[in-house]
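Any value given below was found using the heavy atoms of this structure, including those in side chains, with hydrogens, waters and symmetry copies removed. This chain uses plain numbering: 1 for the first residue, then up along the sequence.
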Amino acid sequence: MPSTDRIRDHAGQGATTVAARARRRLRADQARQLADLLRHQILSGGFDSGTLPHESVLATDYRASRNTVRQALDLLRAEGLVARHPGVGTVVVGQKYPHGLDRLMGLAETLHEHGTVTNEVRTMGPAPAPHPVAQRLKVAPGTDVLYIERLRRLNGLPLSLDLTYIPLDIGTALLGADLENTDVFRLLETITGQGLGHAEITLEAVNADAHSAAVLEAPRGAAVLMLERLTHLADGRPVDLEFIRFRGDRITMSGQLRRSL
């Protein structure tokens, strides 16, 4: 075969490969977009029966190919939200609990409609404040603060691992309190005689370290939602610094934002 013909054939094969990759990438993009739409419906109770429509119905409703629908459902299965049952179809098997970001509330207050929140106090006692903690709580570096580590469960299901730092002049009164069944927020208001005022929060996704994964019964390296929250009393004093690791497959964060320029 002349060299020019070989070059032409090779170029044609390359174009076919590029086109196939582009089709696969497009289908993957469409599957991800469809999974996002279906996830919202699942989490908001859009499928009353607990069973998703047949793949052909989803394909028609969302103007997608059957392959795209299957890939979208595969993504949701990997997240643990749905499962395929022979003779039944795709059913909802997972649930995420809503956690609002527009009100300052404890976890038991936030999730009271979904069941009982209990706390396993794993560590509790005075500890020297690391410099970043002391700075945030406005105490001298090295000053003792109350350190608390709690595993928090909803209806017995591990939900979050909370690391809390509280100034010791307030925290001492917590040592004999019922932390297993009471939110720290309520106890702080009782101890100080004033309400909580506001909190500064940061939310990010981090990978679960070996300790966190074991405690939360999550796969090592799984993504968890890390909520850092510094809570102030009504008079402005910082009183509670928390680092909360939520299982990302069991919680969803939401809030209402208003545009202000």
Chemist: Return the OG1 to CG distance between Thr123 and Leu151, rounded to the nearest 0.5 Å.
Modeler: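 The distance works out to 11.5 Å.
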Chemist: Please tell me if the side chains of Ile166 and Leu174 come closer than 4.5 Å, counting only heavy atoms from C-beta onward.
Modeler: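 They are in contact (side-chain heavy atoms under 4.5 Å apart), so the answer is yes.
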Chemist: For His40, does the NE2 atom have more than 12 heavy-atom neighbours from other residues, nucleotides or ligands under 6.0 Å away?
Modeler: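 No.
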Chemist: Minimum heavy-atom separation for Arg32 and Leu75, please, with both atom names.
Modeler: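 Closest approach of Arg32 to Leu75, heavy atoms only: CA-CD1, 3.9 Å.
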Chemist: What is the distance from atom CG of Leu227 to atom CD1 of Ile201, rounded to the nearest 0.5 Å?
Modeler: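 Going from CG on Leu227 over to CD1 on Ile201, the span is 6.0 Å.
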Chemist: Using modelled atom types and a 3.5 Å cut-off, is there a donor and acceptor pairing between side-chain atoms of Arg245 and backbone atoms of Leu163?
Modeler: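 Flag not set: sc Arg245 to bb Leu163 has no pair under 3.5 Å.
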Chemist: Can you measure from NE2 (His54) to OG1 (Thr60) and round to the nearest 0.5 angstrom?
Modeler: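 These two atoms lie 11.0 Å from each other.
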Chemist: Which of these, Leu216, Leu157, Leu225, sits in a side-chain contact (heavy atoms from CB on, under 4.5 Å) with Arg250?
Modeler: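 Of the listed options, the one satisfying the test is Leu157.
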Chemist: Would you call Val239 and Leu196 a side-chain contact if the rule is heavy atoms closer than 4.5 Å?
Modeler: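 Side chain of Val239 against side chain of Leu196, heavy atoms only: contact under 4.5 Å found.
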Chemist: Kindly give the heavy-atom pair with the smallest separation between Glu79 and Asp249, and that separation in Å.
Modeler: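 For Glu79 versus Asp249, the nearest heavy atoms are O-CB, 4.4 Å.
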Chemist: Using the rule given for side chain to side chain contact (heavy atoms under 4.5 Å, CB included), can you reason through Gln30 versus Leu34, listing the C-alpha separation, both sets of side-chain angles and the distance that settles it, and then say yes or no?
Modeler: CA-CA 6 Å; Gln30 292 172 338; Leu34 177 55; over 6 Å; no
Chemist: Enter the distance from Leu52:CG to Gln41:CD here, rounded to the nearest 0.5 Å.
Modeler: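 Separation between the atoms: 8.0 Å.
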Chemist: If you take all heavy atoms of Ala173 and Ile191, which pair is closest and at what distance?
Modeler: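 In terms of heavy atoms, the two residues are closest at CB-CD1, 3.6 Å.
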Chemist: Of the non-hydrogen atoms in Pro130 and Tyr165, which two are nearest, and what is the gap between them?
Modeler: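 Heavy atoms of Pro130 and Tyr165 come nearest at CD-CE2, 4.5 Å.
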Chemist: Report the C-alpha distance between Glu120 and Arg153 in whole Å, list the side-chain angles of each, state the deciding distance to 0.1 Å, and finish with yes or no for side chain to side chain contact (heavy atoms under 4.5 Å, CB included).
Modeler: CA-CA 8 Å; Glu120 176 190 331; Arg153 294 184 173 92; 3.1 Å; yes
Chemist: Under 3.5 Å, is there a donor-acceptor pair between the side chain of Thr68 and the main chain of Ala64?
Modeler: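 Looks like no, no N/O pair under 3.5 Å.
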Chemist: Between Glu55 and Arg70, is the salt bridge (Lys or Arg N to Asp or Glu O under 4.0 Å) condition met? List the steps.
Modeler: CA-CA 7 Å; Glu55 291 177 1; Arg70 291 191 185 104; 3.1 Å; yes
Chemist: To the nearest 0.5 angstrom, please state how far the CG atom of Leu38 sits from the CG atom of Leu73.
Modeler: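 Going from CG on Leu38 over to CG on Leu73, the span is 6.5 Å.
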Chemist: Quick one: pull up CD in Gln71 and CG in Asp29 and give me the separation to the nearest 0.5 Å.
Modeler: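 Separation between the atoms: 10.0 Å.
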Chemist: Are side-chain heavy atoms of Leu104 and His198 found at a separation under 4.5 Å?
Modeler: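 SC-SC contact between Leu104 and His198 ruled out.
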Chemist: Heavy-atom count check: over 12 atoms from other residues, nucleotides or ligands less than 6.0 Å from Arg186 CZ?
Modeler: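 For Arg186, atom CZ is not crowded (no more than 12 foreign heavy atoms under 6.0 Å).
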Chemist: Please name the pair of heavy atoms, one in Gly248 and one in Lys96, separated by the smallest distance, quoted to 0.1 Å.
Modeler: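 That would be O-NZ, 3.2 Å.
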Chemist: Do Thr172 and Leu146 touch side chain to side chain, with heavy atoms closer than 4.5 Å?
Modeler: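 Of all side-chain heavy-atom pairs linking Leu146 with Thr172, none is under 4.5 Å.
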Chemist: Less than 4.5 Å apart, any side-chain heavy atom of His114 and any of Pro98?
Modeler: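 Side chain of His114 against side chain of Pro98, heavy atoms only: contact under 4.5 Å found.
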Chemist: Determine the minimum heavy-atom distance between Ala108 and Asp183, stating which atoms define it.
Modeler: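 That would be N-OD2, 3.1 Å.
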Chemist: Is there a side chain to side chain contact (heavy atoms under 4.5 Å, CB included) between Leu179 and Asn119 once you walk through the steps?
Modeler: CA-CA 7 Å; Leu179 288 176; Asn119 310 306; 5.5 Å; no
Chemist: What's the verdict on salt bridge (Lys or Arg N to Asp or Glu O under 4.0 Å) for Arg150 and Glu242, showing C-alpha distance, side-chain angles and the deciding distance?
Modeler: CA-CA 11 Å; Arg150 293 170 296 161; Glu242 295 176 280; 3.7 Å; yes
Chemist: Could you note down all residue pairs passing salt bridge (charged side-chain N to carboxylate O under 4.0 Å, His left out) where residues 231-241 supplies at least one of them, sequence neighbours left out?
Modeler: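 Non-adjacent pairs meeting salt bridge (charged side-chain N to carboxylate O under 4.0 Å, His left out): Asp169-Arg237.
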Chemist: Classify the side-chain pair Asp162/Ser160 by whether it contains a donor and acceptor separated by less than 3.5 Å.
Modeler: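 Per modelled atom types, Asp162 and Ser160 side chains form a pair under 3.5 Å.
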Chemist: Quick one: are Thr143 and Leu168 in side-chain contact, heavy atoms under 4.5 Å?
Modeler: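 Of all side-chain heavy-atom pairs linking Leu168 with Thr143, none is under 4.5 Å.
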